[in-house]
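Below is one structure, written out as C-alpha cells; comments come after it.
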Amino acid sequence: MRVLVLGGGVIGVTTAYFLAEAGHEVTVIDRQSGPALETSFANAGEVSPGYASPWAGPGIPVKAVKWLLMKYGPLVVRPAFDPHMWTWLLKMLRNCTAERYALNKSRMVPVAEYSRDTLKALRAATGITYDERSKGTLQLFRKQKQLDGTGGDVEVLKKYGVPYEILDRDGCIAAEPALAGVREKFVGGLRLPGDETGDCKMFTEKLAGLCAARGVTFEYGTTIRRVVRNRNRVVNVGTDKGWRTADAYVMALGSYSAPFMRKLKRPIPVYPVKGYSITVPITNTEAAPVSTVMDETYKVAITRLGDRIRVGGTAEISGFDLRLHETRRRTLEHSVGDLYPGGGDLKAATFWCGLRPMTPDGPPLVGQSELSNLYLNTGHGTLGWTMACGSAKVLSDIMSNRVPEINALDLSPDRYVKA
C-alpha cells in the first residue's frame, strides 16, 4: 500500500521503518525541520519495560493532593476552561482502583517487553547506535513505606517473567556506586536489570536515515491542516504545501492526534501531560549515574546518556501550553543534586519540556480506528521511547494482514474509545 504517516517523532519514524520493511510505500509528514524535534527530543532516555505502569492506581487521588502541596512536588495542575481536560481527569480517576490498575499494567508490560526485544533485534540487524546502555533501572526509595509498597508491582513482574531484584542500601550502591556518598538518603530499591537506556532523539534521527535508504519519503517543514473523510474512509490530507493522498493513513501525532480525531468525529481519550527535563554535562564520571535511577519520591528519572545526565520528570496538566516554568526546573535540579552531587554541571544544563500523549488508563492506542483506512499509534504517555519499536511492529503487522506476535487486542483503539 501507499501509506502516509502523520508525525515524525519516534513513534512515526519507527512505524515508517517497519512498514517499509513490510514492503509498503511510505511517506512521513512533520511540521518540524527534522525528526524527533518535539516530544521525542529530550525525554528521560529510559527503555523501561519493567517500569511500565499506568499513572492511575489505588491511592493516587490522595497522593496527588500531597504532591500538589510539596515544595518539589511531581504534579502541577493549571486549571483551565477546557472540557477535554476535566473529562480526561474524570476518566483517569475511574481507573484508580486496584482491579483496573492490575488490568492496565498487565496490558502495558507485554508490549513494553516486546518493544525492548524488537529494539534489540533492530540494533543487531542495523548496527544503529544512540548512546545506548543495557544496565537496568533502579527505582530508589527514600522511605521504608515506599519499599514496603512494591508488592503489587512485584506480583505483575513475576506473572510476566520480568527479572527484578529487591535491594537494600548496599545492593543499590553495588548497582550505582556513586550513591555511596548519599547512602543515608534512601532505604533500598527495586532494580529491573532487563531495562535499557538511550538517546531517543539520536535513535530517531539515525533510524530516519535508515528509512530513507529503504525508500521512505520525508516531508519535513510541512504543516498538516486537515484530515478529510468521506463516510468511513480518509480520502486525503491537506497541508500548507498541498494535498496528499494514500491508501492508508497512520495518526502518530502524539497529543495532537486528539484534536484531529475530534474533527473527524472519532474522538480518542488522549490528553497532553507536560513533562520537563534538564540535560546536564558530566563533570565527574565517578560521581555520575551508571544507568537510570528513578527517584520515587519526586518521580524523577536520572539517566546516563554518554557524556550527559538526562533528568526527566514532573507532570503538568495544562493543555497544550509549552511554556517553561522555572519551578519545574528546580524540582529536577533538587533530585539530581541531592543524589548525585558533583556528577554534573547544573549551571550548564539545558531546560526543555514536551507534551506526553496520555490515555486515562495507561495503555496506548495501536491499531485500526473506526475509519477503515486510518490507523492509530499514539497515547504512549511517558513510555513512547519504551514502546516505540514494539507498537510500530504490531501496527505494521496489522496493516500488512499479519498476526501480531503479541495480543494486539489489548491495545485496540476501540477498547479505549468506548471505555
- Between Glu205 and Lys201, is there a side-chain N and carboxylate O pair less than 4.0 Å apart? yes
- Task: Can you measure from CZ (Arg323) to OG (Ser318) and round to the nearest 0.5 angstrom?
- Result: 8.0 Å
- Message: Just checking Phe141 against Phe186, ring centres under 6.0 Å apart?
- Response: no
- Query: Aromatic ring centroids of Trp86 and Tyr271 under 6.0 Å?
  - Reply: no
- Message: If only side-chain N and O atoms count, and only distance matters, is there a donor-acceptor pair under 3.5 Å linking Asn236 with Tyr249?
- Response: no
- Task: Determine, stepwise, if the pair Trp67 / Tyr72 fulfils ring pair (Phe, Tyr, Trp, His ring centres under 6.0 Å).
- Result: CA-CA 8 Å; Trp67 290 336; Tyr72 298 111; over 10 Å; no
- Item | Ionic contact status for Asp338 with Arg142, cut-off 4.0 Å | yes
- Message: Within this structure, what is the CG-CG distance for the pair Leu322 and Leu355, rounded to the nearest 0.5 Å?
- Response: 4.5 Å
- Between Lys135 and Asp195, is there a side-chain N and carboxylate O pair less than 4.0 Å apart? no
- Quick one: do Lys393 and Asp397 make a salt bridge, cutoff under 4.0 Å? yes
- Message: My understanding is that only residues two or more places apart in sequence, or in another chain, count here; which of them pass side-chain hydrogen bond (donor to acceptor under 3.5 Å, both in side chains) with Tyr375?
- Response: none
- Between Asp345 and Lys347, does at least one N-O distance fall below 4.0 Å, as a salt bridge requires? no
- Salt bridge between Glu155 and Lys159, side-chain N to carboxylate O under 4.0 Å? no
- Task: Anything under 30° is parallel, anything over 60° is perpendicular, the rest tilted; go ahead and classify Trp352 against Phe41.
- Result: tilted
- Item | Atom pair CG/OG1 of Asn104 and Thr359 - distance to nearest 0.5 Å | 8.0 Å
- Donor-acceptor side-chain pairing of Asp247 and Asn373 below 3.5 angstrom: no
- For side-chain hydrogen bond (donor to acceptor under 3.5 Å, both in side chains), just list the numbers for Ser48 and Thr137, CA-CA rounded to whole Å, side-chain angles, deciding distance to a tenth of an Å, and then say yes or no. CA-CA 7 Å; Ser48 300; Thr137 295; 3.3 Å; yes
